[in-house]
Amino acid sequence: MEYNFREIEQKWQKRWVENKTYHVTEDESKKKFYVLNMFPYPSGAGLHVGHPLGYIASDIYARYKRLQGFNVLNPMGYDAYGLPAEQYAIQTGQHPAITTVNNINRYREQLDKIGFSFDWDREVRTCDPGYYHWTQWAFQQMFGSFYCNTCQKAQPISRLVAHFEQQGTDGLDVACGEELTFTADEWKAKTEKEQQEVLMNYRIAYLGETMVNWCPQLGTVLANDEVVDGVSERGGFPVVQKKMRQWCLRVSAYAQRLLDGLDTIDWTDSLKETQRNWIGRSEGTEVRFKVKDSEVEFTIFTTRADTMFGVTFMVLAPESELVPQLTTAAQQAEVEAYLDRTKKRTERERIADRRVTGVFSGSYAVNPFTGDAVPVWISDYVLAGYGTGAIMAVPAHDSRDYAFAKHFGLPIVPLVEGCDVSEESFDAKEGIVCNSPKAGVTPYCDLSLNGLTIKEAIAATKRYVKEHHLGRVKVNYRLRDAIFSRQRYWGEPFPVYYKDGMPYMIDESKLPLELPEVAKFLPTETGEPPLGHATRWAWDTEKGEVVENARIDQVTVFPLELNTMPGFAGSSAYYLRYMDAHNDRALVSEAADSYWQNVDLYVGGTEHATGHLIYSRFWNKFLHDLGISVKEEPFQKLVNQGMIQGRSNFVYRIKDTNTFVSLGLKDQYDVTPLHVDVNIVSNDVLDVEAFKSWRPEYATAEFILEDGKYVCGWAVEKMSKSMFNVVNPDRIVEKYGADTLRMYEMFLGPVEQSKPWDTNGIDGVHRFLKKLWALFYNRAGEFLPQEGEPSKAELKAIHKLIKKVTGDIETFSYNTSVSAFMICVNELGQLKCRNKAVLADLTVLLAPFAPHLSEELWEALGHGTSVCDARWPQYNEAYLKEDSVKYTISFNGKARFTMEFPADADNAAIQAAVLGDEQSQKWIDGKTPKKIIIVPKKIVNIVL
RNA sequence: GCGCGUGUGGCGUAAUUGGUAGCCGCGCCAGACUUAGGAUCUGGUGUCGUGAGACGUGUAGGUUCGAGUCCUAUCACGCGCACCA
């Protein structure tokens, strides 16, 4: 009987649904295990073969854990808000909700065919009101919280208000936008609006006037991780810096915890390193400089406090608030012209064109260590958003300052013994400090650093700054607050209305605030976000409901926020929602949260390293502070699956003809390579008939063949519709079955590795499953397995496999597992194994990889239950023992011959036998061996 | 520029973590059974050499009885950060 995968797979997929095989509930009697995939954005192209790679890997792990007796949560859902659906809507008028549902249905169909053990009862969609209820709720919690640096935790904003009422800002150490100072009395004297404005400076979700990445073509702002090389990640449109009032999340408050948390989780070093880079912690010193002949003071940040004596000028960022204060009348015109010029440059232009530019402000700053007055310049090489937006320039030891000094003819003072700064700066943090004044020489400062190493000098200067109150030791982070508003339609609406220009939260009990219908998905004529088209988008504070815009009276009815939330809002806490997906009273119940805790194994791509994986960790830490999520880190172990690239195929058309020439002969003609649909090519051989009917213009095509075949060229490219190299898993399932697809995707190589999709080896995997089938059924359809005692050889074969596969699954080395299966099946085939017990073990081992086939065989073996409820077999070391062991005998490391010994022979016996051996004696040739090394079960090396 | 990672047959890969390369699969070659086969089965397949053997893990050194694995330098590719003071 043939291995009929179609029948088998359909049968079991149906049964799994009927029996709710993969439904899981909290069960205190079992240990939990939470496996999670990054949920997909349901795009119009459908699922391609790259998606399932991670899903299969995690499904194998989930099934394996279940067989080991764990209660496994393995959910799936959809990241359903996003730009493509909206852009499609703008072009076609099709409502994004409809497109999204269609795409989701297609995804689901495709996923079902592959046989995953997802618990679909827990499915979430980020665009469901029942889901985004909790996205909005979390946002409100952030609005109602501030971050206390002392206790390293988010706190309710009411505590901050209480503090202000008692002692103003005195004794406060909290995360904020701007350092404010006021007394309790001053606080009480403020109006309601003023107080709200002050509080905004501390809220974790706040409305901030910040420089944002504005993308004119997309008509929206973007977060830093959505901008790559100065253009938008999606679409590649230019991005400019613009000051706008936007919702932001104070992610920066959590910078240190986000950094520290990395040491407690099991992620790859490279991914942790990427996050460390992104967080960008740098320890340094803030030093105050007075402006000469003025009351104005300003602060700079430096990591090189040791270079205080080499400061020859100062630089302000063009956007710095100090610029107008420090610009003298004489320089006014020149400075304004410069600001004008820099403002016009986009981020991309600034990156591309690194000319040195700048302008003198007219002011001088006084170095608090030397009393020297140095000129203050303005230049766009200093960033407004980092540190204080102002720097002290030490051209001798900073290459950027050096370039600036050379360009404008400013002095350069070297501070390290023996360094040569005539051609370039000496940036290295090594060497011995010189050129600092002798103690007591300047009236300003009695600090001398001469003779110290740079490290010592930095420490000494820090100490000095602290003691003399010239500034403070400071840690800076590159990580910025996340911009949380998008000028789009297809996203979560903010549960916010505006009164007197200030935002207020709509009552928690009235959530979710549902996304309204709009006539158009484009911004309004006045440039407002698409929600500006909604006719019912006002909030009645008395009734607590959405009402017609016409009724806005600013008394009880107020306008609602027109922005929506960005993509990462919905994906930041979805793993918590899966724990308790239908709860309409809380994001997650305490019971579910304390049972499932956090994700034990998270599988997804690296592309989210500085986006989702940072935001999620931040979001979870915030909820943890609130007591919602019991764990500080959401994803304990993370495995990054590699990308599956496309493998495009080409045909070669002879110029100006409709004749196509095979790959090997193309050099004899003048040809144009053309992409051809990979679905009509098999093992690089073109299906000529299919090609003719692929496109009308090829119907009359002619071919120059080699060996009777048309061979196509190929290249590895990104998998995309336009290159005709998208391979949908359905096709593979149709031809070979889901179990073959699953095993083949694993066989392709390590899960973490990126590789091109290539079906050239799939026949081998399919053949393996057929061979496995042949262990159970002969051609006549007779069922072969029988009761009985397994032979020693059978036991050895199967226990070798148990050991290998168990170890491999734990380390995600699925590709070698598949190889081990092939070896075992070949061995059992050669042994003509018919032993039920051995074949039952084989069936259970197969269950995570090829669940349909495994179920079928498990049933045939006479088990009434699903193989999912079987127990993972344990291997017995005793069966793996060899009777005898072959040793390689080497002389000075050169292998010469082999000898066989009983497995339990001791070293002395082996040594004696080897030395007494005739062949050995020839090599030893009367010499006395200097050393004899015996490697257990491997080698005897005799050093002469 | 800084940081991280990877280089092994014609191809995808493997190597008990320092133990004497190339498991498994594809492809290819030969044979068997077939009317036939893009089916199935058996054997072979790193390179050079008829052969014994020699050489082989990007390149060049080093440590070691022994190196794909460790160290140094160098090249190539990939990724991350990038005017971050």
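No hydrogens, no waters, no symmetry mates; every other heavy atom, side chains included, goes into these values. Here is the naming used below: chain letters follow the sequence lines, and residue numbers restart at 1 for every chain.
Under the rule for a side-chain contact (heavy atoms from CB on, under 4.5 Å), the partners of Thr307(A) that lie at least two apart in sequence or sit in another chain are Arg304(A), Met392(A), Val394(A), His397(A), Leu415(A). Checked against salt bridge (charged side-chain N to carboxylate O under 4.0 Å, His left out), Lys474(A) has the following partners two or more places apart in sequence or in another chain: Glu286(A). In terms of the side-chain contact (heavy atoms from CB on, under 4.5 Å) criterion, residue partners of Phe5(A) (sequence neighbours excluded) are, by chain and number, Tyr3(A), Glu9(A), His766(A). Looking at residues two or more places apart in sequence or on another chain, you find a side-chain contact (heavy atoms from CB on, under 4.5 Å) between Asn4(A) and Arg6(A), Glu7(A). Applying the salt bridge (charged side-chain N to carboxylate O under 4.0 Å, His left out) criterion to Arg281(A), with sequence neighbours excluded, gives Glu283(A). With sequence neighbours left out, the side-chain hydrogen bond (donor to acceptor under 3.5 Å, both in side chains) criterion links Arg767(A) to no other residue. Every side-chain contact (heavy atoms from CB on, under 4.5 Å) that Ala609(A) has, sequence neighbours left out, goes to Leu271(A), Thr274(A). Residues satisfying the side-chain hydrogen bond (donor to acceptor under 3.5 Å, both in side chains) criterion with Asn277(A), sequence neighbours excluded, are absent altogether. Residues passing the salt bridge (charged side-chain N to carboxylate O under 4.0 Å, His left out) test with Lys796(A) are Glu882(A), sequence neighbours excluded.
One can place CG of Asp763(A) at 7 Å from P of G27(B), the figure rounded to the nearest angstrom. One atom, OH of Tyr710(A), and another, P of G38(B), lie 22 Å apart when rounded to the nearest Å. Whole-Å rounding puts the Phe298(A) CZ to A85(B) C1' distance at 13 Å. Between Asp398(A) atom CG and A82(B) atom P the separation is 17 Å, expressed in whole Å. Atom pair Lys804(A):NZ and A15(B):P shows a separation of 6 Å (rounding to whole Å applied). Atom CG of Leu769(A) and atom C1' of C24(B) are 15 Å apart (whole Å). Here G1(B) presents its P atom at 21 Å from OH of Tyr381(A), a figure rounded to the nearest Å. Whole-Å rounding puts the Arg304(A) CZ to A85(B) P distance at 11 Å.
Here Ile265(A) contributes atom CD1 and Lys272(A) contributes atom NZ; the two are 6.0 Å apart, rounded to the nearest 0.5 Å. Taking OG1 of Thr610(A) as the reference point, atom CG of Asp225(A) lies at 5.0 Å (rounded to 0.5 Å).
For the pair Arg731(A) and Trp757(A), the NZ or CZ position fails the cation-pi test of under 6.0 Å to the six-membered ring centre and within 45 degrees of the ring normal.
As rounded to the nearest Å, C11(B) and G62(B) have C1' atoms that lie 34 Å from one another. The same atom, C1', is picked in U64(B) and in G18(B); the two are 9 Å apart, to the nearest Å. Taking atom P in both A21(B) and U69(B), one finds a spacing of 13 Å when rounded to whole Å. Going from the C1' atom of A60(B) to that of C65(B) covers 24 Å, rounded to whole Å. If you take atom P in A14(B) and the same atom in A32(B), they sit 37 Å apart, rounded to whole Å. Taking the C1' atoms as reference points, C75(B) lies 31 Å from C26(B), given to the whole Å. Using C1' as the reference atom, C33(B) and C48(B) are 37 Å apart when rounded to the nearest Å.
Residue Ser890(A) is classed as a base contact, given a heavy-atom separation below 4.0 Å to a base. Asn815(A) comes within contact range of the sugar-phosphate backbone alone, with a heavy-atom separation under 4.0 Å but no base atom that close. Within 4.0 Å of Lys272(A), counting heavy atoms only, lies no atom of the nucleic acid at all. As judged by a 4.0 angstrom heavy-atom cut-off over every strand, Arg779(A) is placed among residues touching the sugar-phosphate backbone only. Backbone-only engagement by Gly764(A) is indicated by non-hydrogen atom pairs under 4.0 Å involving sugar-phosphate atoms exclusively.
Relative to the side chain of Arg767(A), the nucleotides G19(B), A85(B), C41(B) differ in distance, and C41(B) lies closest. Out of U20(B), C24(B), A39(B), the shortest distance to the side chain of Ile823(A) is found at C24(B). Distance from the side chain of Ser270(A) is smallest for C4(B) among the nucleotides G19(B), C83(B), C4(B). Here the side chain of Ile939(A) is nearest to one of C83(B), G19(B), C26(B), namely G19(B). Listed candidates were C83(B), C24(B), U40(B). Nearest to the side chain of Met822(A) is C24(B). Nearest to the side-chain atoms of Lys735(A) among the listed nucleotides A14(B), G38(B), G19(B) stands G38(B). The side chain of Gln830(A) sits closest to U42(B) out of U42(B), C26(B), G19(B). Taking only side-chain atoms of Ile933(A), from C-beta outward, the nucleotide of C24(B), A14(B), C65(B) with the closest atom is C65(B).
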Could you write out each protein N or O paired with an N or O of nucleotides 77-81 of chain B at a distance under 3.5 Å?
residue : atom : partner   : partner atom : Å
C81(B)  : O3'  : Arg478(A) : NH1          : 3.1

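Between Asp401(A) and Lys770(A), the residue whose closest nucleotide on RNA chain B is further toward the 5' end is Lys770(A). Mapped onto RNA chain B by nearest heavy atom, Arg480(A) and Pro936(A) fall at different nucleotides, with Pro936(A) at the one closer to the 5' end.
Contact annotation: Tyr386(A) reaches the phosphate of A85(B) (side-chain N/O to OP1 or OP2, under 4.0 Å). Phosphate proximity of C83(B) to Ser379(A): absent, as no side-chain N or O sits under 4.0 Å from OP1 or OP2. When the side-chain nitrogen and oxygen atoms of Asn826(A) are compared with OP1 and OP2 of C41(B), none of them lie within a distance under 4.0 Å. For G12(B), the OP1/OP2 oxygens have no side-chain nitrogen or oxygen of Asn760(A) closer than 4.0 Å.
Taking 90° from 0 as the syn/anti boundary, the base of U17(B) is oriented syn. A glycosidic torsion no more than 90° from 0 defines the syn conformation, and G9(B) adopts it.
Shown for residues 741-757 of chain A: residues whose heavy atoms fall under 4.0 angstrom of RNA chain B, namely Phe747(A), Leu748(A), Pro750(A), Gln753(A).
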Secondary-structure notation, RNA chain B, from Watson-Crick and G-U pairs under 3.5 angstrom (| other strand):
(((((((..(((......[....)))((((((.......))))))(((....)))..(((((..]....))))))))))))....
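Counting only N and O atoms by type, the side chains of Thr759(A) and Tyr736(A) include no donor and acceptor under 3.5 Å apart.
Atom CG of Asp269(A) has 12 or fewer neighbouring heavy atoms from other residues, nucleotides or ligands inside a 6.0 Å radius.
Ser425(A) places no side-chain N or O within donor-acceptor distance of the main-chain N or O of Val421(A), the cut-off being under 3.5 Å.
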